[in-house]
There are 2 protein chains.
Amino acid sequence: MRKTKQISNVSQMLSMYLKELMRLPKDKRVSTTEFAKKFNVHPSTVTEHFQRLSRLNLLNYVKYRGAHLTQEGIHQGELLMWKHRILEVFFMEFLGLSKEDACSEATKIDFFISSNVIKLLCKKMNHPRVCPCGFEIASTYCEEKS
Amino acid sequence: MRKTKQISNVSQMLSMYLKELMRLPKDKRVSTTEFAKKFNVHPSTVTEHFQRLSRLNLLNYVKYRGAHLTQEGIHQGELLMWKHRILEVFFMEFLGLSKEDACSEATKIDFFISSNVIKLLCKKMNHPRVCPCGFEIASTYCEEKS
DNA sequence: AGAAAATTTGGGGAAACCCAAAATTTTATA
DNA sequence: TATAAAATTTTGGGTTTCCCCAAATTTTCT
């Protein structure tokens with residue numbers, strides 16, 4: 001009954017957490033201070049966000065022990081990263097941005113842009129399999145019929 | 001000393017007000033109830049936002065008498081509309097979206113996307129002079145050297 | 001075991017939204 | 001031109017999201 005391809009109730013900030021989480025090894029648990037440094041924020045703030053992600057069933061968070069993404073969290077994180085990376089490819093290949101600029105520009109809008117636009121962009125870019133940073137682009141959301 | 005091409009302290013919501021204001025005749029003063037209907041919000045909410053825009057010197061707002069954009073407001077509104085329309089053109093011509101979809105997709109990201117990306121997009125689209133809806137695209141921000 | 005380090009809790013604060021009811025001003029009409 | 005009706009603003013609340021700090025708790029290290 002539930003749609004799978006939607007980010008439910010995730011704020012922009014939470015989406016940033018989700019994306020960062022996706023870049024980390026999925027087996028290891030992440031600590032709050034580790035994250036606090038990345039986001040230039042106090043540890044207690046991270047705790048708060050982890051708890052929120054946990055309430056949304058996106059993060060498996062155990063007090064004092066760190067956290068890792070749930071299946072659902074990975075799923076939503078993959079959607080975000082797919083958007084992010086397709087945008088990166090587009091910004092580099094079509095607009096000629098540098099790798100760094102492509103990433104920062106993608107970061108500004110990946111949360112807001114629709115799946116449909118990304119899907120069309122993906123097609124136009126010939127369904128890239130890797131992003132400019134060398135990371136693989138998960139094909140879960142790409143509907144290539146090759 | 002002041003940079004001219006930046007949206008200063010305008011929230012996404014205020015940017016929506018700015019864009020809507022840009023679509024209205026600039027000589028006439030707009031009433032709060034008029035706006036309230038457009039945004040499906042109570043009149044008092046509009047008053048609040050008008051006051052805020054006024055504090056930012058973007059809106060000339062006189063109690064009980066309505067409001068109209070200041071020079072600065074028009075300037076910032078033009079930047080937003082430029083982004084919006086270039087995106088519309090891109091979405092229609094490059095991705096093949098309908099006029100309506102192009103508009104709604106542009107609305108989702110125009111506030112967040114950088115001027116630089118839009119500038120490159122503008123060039124790729126050959127510096128369009130009108131958007132899909134037939135509106136003229138102000139060239140203030142377009143650096144075409146034709 | 002006990003001290004040090006990491007983490008969470010609880011209490012607050014600011015900003016951006018929104019609404020409802022009361023007060024005020026404008027307008028329209030009798 | 002009064003006065004009633006309509007429009008607008010004020011006031012007072014309420015919510016959410018984000019952030020910090022200090023104190024309490026738990027884990028880790030020696």
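Just so it is clear: chains get the letters A, B, ... in the order the sequence lines come, proteins before strands, and each one is counted from 1. Heavy atoms only: backbone and side chains are in, while hydrogens, waters and symmetry mates are out.
- In this structure, B/E48 reaches the bases: a heavy-atom distance under 4.0 Å links it to at least one base atom across the strands shown.
- Of the side-chain N and O atoms in A/H49, none sit less than 4.0 angstrom from OP1 or OP2 of D/dT17.
- Residues satisfying the side chain to side chain contact (heavy atoms under 4.5 Å, CB included) test with A/V130, not counting sequence neighbours, are none.
- To the nearest angstrom, C1' of D/dT17 lies 15 Å from CE of B/M13.
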Can you give me the N/O atom pairs linking the protein to nucleotides 14-16 of chain D at distances under 3.5 Å, or say none if there are none?
none

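- We find that CZ of A/R55 is positioned 14 Å from C1' of C/dT8, with the value rounded to whole Å.
- Contacts of A/E93 classified as side chain to side chain contact (heavy atoms under 4.5 Å, CB included), with partners at least two apart in sequence or in another chain: A/V89, A/M125.
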Show every donor-acceptor pair shorter than 3.5 Å between a side-chain atom in residues 99-108 of chain B and any protein atom, with sequence neighbours excluded, or say none if there are none.
| unit_1 | atom_1 | unit_2 | atom_2 | d |
| --- | --- | --- | --- | --- |
| B/S104 | OG | B/D101 | O | 3.4 |
| B/E105 | OE1 | A/S114 | OG | 3.0 |
| B/E105 | OE1 | B/K108 | NZ | 3.3 |
| B/E105 | OE2 | A/S114 | OG | 2.9 |
| B/T107 | OG1 | B/C103 | O | 2.8 |

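- Protein atom CD of A/Q51 is 9 Å distant from nucleotide atom C1' of C/dT9, rounded to whole Å.
- Judged as a side chain to side chain contact (heavy atoms under 4.5 Å, CB included), and not counting sequence neighbours, the contacts of A/H49 are A/M13, A/L14, A/Y17, A/T45, A/R52.
- At C/dT9, none of the side-chain N or O atoms of A/T47 fall inside 4.0 Å of OP1 or OP2 (strictly under the cut-off).
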Annotated protein contacts, base or backbone, on nucleotides 21-30 of chain D with a non-hydrogen cut-off under 4.0 Å, one of B, S, - each: B---BSSS--
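- Atom CZ of A/F111 is separated from atom P of D/dT17 by 11 Å (rounded to the nearest Å).
- Across all strands, A/V46 comes closer than 4.0 Å to no nucleic acid atom at all (heavy-atom distances).
- Nucleotide D/dC19 holds its C1' atom 13 Å from the CE atom of A/M16, rounded to whole Å.
- At whole-Å resolution of the value, CD in B/E34 and C1' in C/dT26 are 16 Å apart.
- Applying the salt bridge (Lys or Arg N to Asp or Glu O under 4.0 Å) rule to A/R29 yields no partners; only residues at least two apart in sequence or on another chain are considered.
- In this structure, B/L56 places its CG atom 13 Å from P of C/dA15, rounding to the nearest Å.
- Residues satisfying the side chain to side chain contact (heavy atoms under 4.5 Å, CB included) test with A/K26, not counting sequence neighbours, are A/M22, A/L69, A/I74.
- Proximity of B/V41 to B/F35: side-chain heavy atoms (C-beta onward) are nowhere separated by under 4.5 Å.
- Of the candidates C/dC18, D/dC19, C/dT8, C/dT8 carries the atom nearest the A/Y61 side chain, counting heavy atoms from C-beta on.
- For B/R29 and C/dT26, the CZ to C1' distance is 15 Å, given to the nearest whole Å.
- For the side chain to side chain donor-acceptor pair (under 3.5 Å) test, residues two or more places apart in sequence or in another chain that qualify with B/E88 are B/H84.
- Put simply, the side chain of B/F50 reaches to within 4.5 Å of the side chain of B/L59, judged on heavy atoms.
- Regarding contacts with the backbone of D/dT17, every side-chain N or O of A/Q12 stays at 4.0 angstrom or more from both OP1 and OP2.
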